[in-house]
There are 2 protein chains.
Amino acid sequence: MMDLPSEKDYLSHIAYDSVIFGFSDNTLKVLIIKYHNTGFYALPGGFVRSNENLDDAVRRGLMERTGLDSIYLEQFYTFGNIKRYKPEVMRIILEANDHQPENSHWMLDRFISIAYYALINYNDVVPRPDALSDAIDWYSIKELPTLMLDHRDIIIRALATLQDNLEKKLVGGNLLPKKFTMKELQKVYEAILGRTIRRTTFQRKMLSLGILQRHEKRYSGRAHKAPYLYSFKKK
Amino acid sequence: MMDLPSEKDYLSHIAYDSVIFGFSDNTLKVLIIKYHNTGFYALPGGFVRSNENLDDAVRRGLMERTGLDSIYLEQFYTFGNIKRYKPEVMRIILEANDHQPENSHWMLDRFISIAYYALINYNDVVPRPDALSDAIDWYSIKELPTLMLDHRDIIIRALATLQDNLEKKLVGGNLLPKKFTMKELQKVYEAILGRTIRRTTFQRKMLSLGILQRHEKRYSGRAHKAPYLYSFKKK
DNA sequence: TTTCTATTGTCTCAATTTGTAACAATAATA
DNA sequence: TATTATTGTTACAAATTGAGACAATAGAAA
């Protein structure tokens with residue numbers, strides 16, 4: 001059994017939650033952890049060290065959960081409603097891990113949570129549970145388990161932000177390997193936007209933006225024309 | 001001299017800053033406070049009570065500064081960089097108001113700040129300073145004084161968010177009285193976007209959106225055709 | 001009263017972008 | 001060699017936007 005994080009090392013009242021998106025089977029998915037011995041499903045999250053940038057705290061957590069650094073990460077909202085404050089939930093989680101925190105323990109106090117979303121290449125990752133959780137798995141955004149607190153709302157808002165940023169910041173490529181076909185990119189767009197897109201219009205639009213580098217063809221072994229591979233140009 | 005806020009009444013490490021936009025003289029302006037006896041210029045901000053929603057804390061502060069409730073308010077970013085942490089700045093402010101806080105005082109600790117922007121009708125407001133400030137005034141976003149900490153960056157980010165939301169959420173009308181002419185609305189758009197807009201295209205676009213209610217004409221007393229007044233339709 | 005000026009509301013046509021479908025190219029298979 | 005599924009491109013229609021023209025009009029000037 002590990003020690004609980006000490007109050008002096010962390011900023012009280014401040015937590016973060018991360019919505020980690022991946023793309024697989026033409027479906028948009030998020031990483032969900034399951035807390036040990038409780039049946040609670042939740043977003044991966046954590047606390048901010050006293051001498052640590054907020055962004056760095058989130059990156060540290062992502063590194064621990066996914067093994068990846070330098071991933072696309074964006075803050076999208078801070079949840080500060082008092083209804084979030086449910087100390088009994090945190091107590092159950094801690095007690096399920098053989099901790100007996102005092103009522104005044106800082107982890108049972110009210111938290112405001114800064115939410116981030118991350119986009120990662122699904123195949124680059126073997127998710128790892130943390131000390132309090134015994135599982136971390138991908139769930140389709142259409143088949144989420146019942147989540148703790150307001151975590152479902154956080155995912156919904158993350159998705160809305162991602163939809164907004166998709167065309168504005170052209171972030172879709174972060175869910176794919178470096179090289180991908182136009183059809184693969186289109187499937188990412190369709191999964192995020194939740195609707196089908198006309199193939200020819202999509203291809204014309206993407207090419208006209210001038211942000212894609214065309215590479216060699218990829219031969220699938222199947223009986224049809226082989227598509228080109230593309231990558232996003234470096235800025 | 002007032003008492004300092006007590007630690008038990010507020011959430012430590014958490015503050016908010018508000019970028020309050022107004023429109024006057026065809027110019028976009030923000031409210032800036034000046035701290036008593038220090039020469040420090042800053043955004044209006046405050047702390048969150050232990051039993052208060054984050055949004056409500058910000059509305060409470062806006063009410064105190066502007067006398068307005070039910071104003072357009074939107075959270076846009078949370079600033080959590082460690083470089084923000086400059087306890088000597090807060091100490092100077094407090095000492096200039098005859099307080100002598102201990103080094104361990106919670107107001108001298110590190111803060112993460114949730115930033116909001118508000119849109120108000122300039123003429124509805126007579127800004128009021130708070131206990132620590134002796135002035136609160138409008139400044140054009142093009143002629144800001146030198147601001148404390150990262151407050152200039154906060155304004156820049158607020159403006160960028162406002163520009164993004166202008167067409168997406170059609171928030172421009174919140175800077176005007178209930179009834180306004182098409183030209184007035186156009187001037188708001190131009191001030192926010194920082195560029196001129198073609199009159200006829202703007203008029204056609206706005207009318208085609210179907211969100212404006214046309215009212216009586218407004219006679220200015222000058223020698224030309226009188227424009228119609230418009231208001232935004234209730235949703 | 002008539003003429004003049006500044007501004008507004010609308011219309012027209014051109015330019016651009018997007019929707020839609022057609023078609024040729026091609027990688028394997030039959 | 002013909003067939004099939006898919007890809008890349010082109011062609012044309014529809015919709016949107018850019019740019020200017022023009023009539024309407026509220027008051028001032030003549």
Side-chain angles (χ1 to χ4, degrees), chain A residues 23 25-26 163-164 166-170 172-173 176-233, chain B residues 23 25-26 163-164 166-170 172-173 176-233:
Chain A
F23 180 74
D25 299 325
N26 287 344
Q163 289 171 344
D164 273 355
L166 184 58
E167 293 178 60
K168 195 159 54 190
K169 302 187 182 175
L170 302 165
L176 292 171
K178 277 201 185 59
K179 290 184 181 178
F180 46 84
T181 66
M182 193 63 81
K183 169 153 265 175
E184 288 168 343
L185 186 61
Q186 183 179 338
K187 290 297 180 187
V188 166
Y189 272 64
E190 291 179 339
I192 292 174
L193 298 176
R195 59 179 171 82
T196 58
I197 301 172
R198 180 168 288 267
R199 180 182 67 90
T200 54
T201 307
F202 181 77
Q203 173 132 340
R204 176 174 56 192
K205 183 65 170 285
M206 282 296 144
L207 292 178
S208 75
L209 290 173
I211 54 167
L212 293 181
Q213 176 75 45
R214 181 177 278 182
H215 301 282
E216 72 280 7
K217 293 185 171 188
R218 176 201 281 166
Y219 296 88
S220 64
R222 281 184 296 134
H224 55 73
K225 192 172 179 178
Y228 288 106
L229 288 168
Y230 296 88
S231 64
F232 279 87
K233 286 181 184 170
Chain B
F23 180 74
D25 299 326
N26 288 345
Q163 288 171 345
D164 273 357
L166 183 58
E167 293 177 62
K168 194 159 52 189
K169 302 187 183 174
L170 302 166
L176 291 171
K178 277 201 186 58
K179 290 184 181 179
F180 48 84
T181 66
M182 194 61 81
K183 169 153 266 175
E184 289 168 342
L185 186 60
Q186 183 180 336
K187 290 297 179 187
V188 167
Y189 272 64
E190 291 180 340
I192 292 174
L193 298 175
R195 60 178 171 81
T196 57
I197 300 172
R198 179 164 288 269
R199 180 182 66 92
T200 54
T201 308
F202 181 77
Q203 174 132 339
R204 176 174 55 189
K205 181 67 169 284
M206 282 296 144
L207 292 178
S208 74
L209 290 173
I211 53 166
L212 293 181
Q213 177 75 46
R214 181 177 278 182
H215 300 282
E216 71 280 8
K217 292 185 172 190
R218 175 200 282 166
Y219 297 87
S220 64
R222 280 182 296 134
H224 54 75
K225 192 171 178 178
Y228 289 106
L229 287 169
Y230 297 88
S231 64
F232 279 88
K233 286 180 184 169

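Reminder, nothing fancy here: chain letters follow the sequence lines and each chain counts from 1.
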What is the separation between atom [atom1] on [X] and atom [atom2] on [N], rounded to the nearest whole Å?
X      : N      : atom1 : atom2 : result
A:I197 : C:dT18 : CD1   : P     : 13 Å
B:Q203 : C:dC11 : CD    : P     : 11 Å
B:L212 : C:dG9  : CG    : C1'   : 14 Å
A:L207 : D:dT9  : CG    : P     : 7 Å
B:Y228 : C:dT10 : OH    : C1'   : 11 Å
B:R214 : C:dT8  : CZ    : P     : 13 Å

Nearest atoms (heavy-atom pairs only) where [X] meets [Y]:
X      : Y      : result
B:A191 : B:N26  : CB-O, 4.0 Å
B:E190 : B:I197 : OE2-N, 2.9 Å
B:Q186 : B:R198 : NE2-C, 4.4 Å

Do [X] and [Y] have side-chain heavy atoms sitting under 4.5 Å apart?
X      : Y      : answer
B:R218 : B:E184 : yes
B:Y189 : B:M206 : yes
A:H215 : A:S231 : yes

Exercise. Does atom NZ of B:K217 have more than 12 heavy-atom neighbours, drawn from other residues, nucleotides or ligands, at distances under 6.0 Å?
Worked result: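 Yes.
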For this session: Describe the nucleic acid contact of B:R218 in one word from base, sugar-phosphate, nothing, applying a heavy-atom distance below 4.0 Å.
Result: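 Touches nothing.
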Exercise. In the 5'-to-3' direction, what one-character label does each nucleotide of nucleotides 20-30 of chain C receive under the scheme B = base within less than 4.0 Å of a protein heavy atom, S = sugar-phosphate only, - = no such atom?
Worked result: BBB--BBBB--
Exercise. Among residues 185-194 of chain A, which residues get a heavy atom nearer than 4.0 Å to DNA chain D?
Worked result: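 Those residues whose heavy atoms fall under 4.0 Å from DNA chain D, taken from residues 185-194 of chain A, amount to none.
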Problem set entry | D:dT16 phosphate, OP1 or OP2, under 4.0 Å from B:K205 side-chain N/O |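 Negative; the distance criterion is not met.
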Exercise. Quick one: is A:K183 getting a side-chain N or O under 4.0 Å of the D:dT6 phosphate, OP1 or OP2?
Worked result: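 Indeed not, no polar side-chain atom of A:K183 lies that close.
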Exercise. So, the side chain of A:Q163 versus the backbone of A:I192: is there a donor-acceptor pair under 3.5 Å, distance only?
Worked result: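 Yes: the side chain of A:Q163 pairs with the backbone of A:I192.
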Problem set entry | Partner of B:F180 under ring pair (Phe, Tyr, Trp, His ring centres under 6.0 Å), chosen from B:F232, B:Y230, B:F23 |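 Exactly one candidate clears the test, B:F232.
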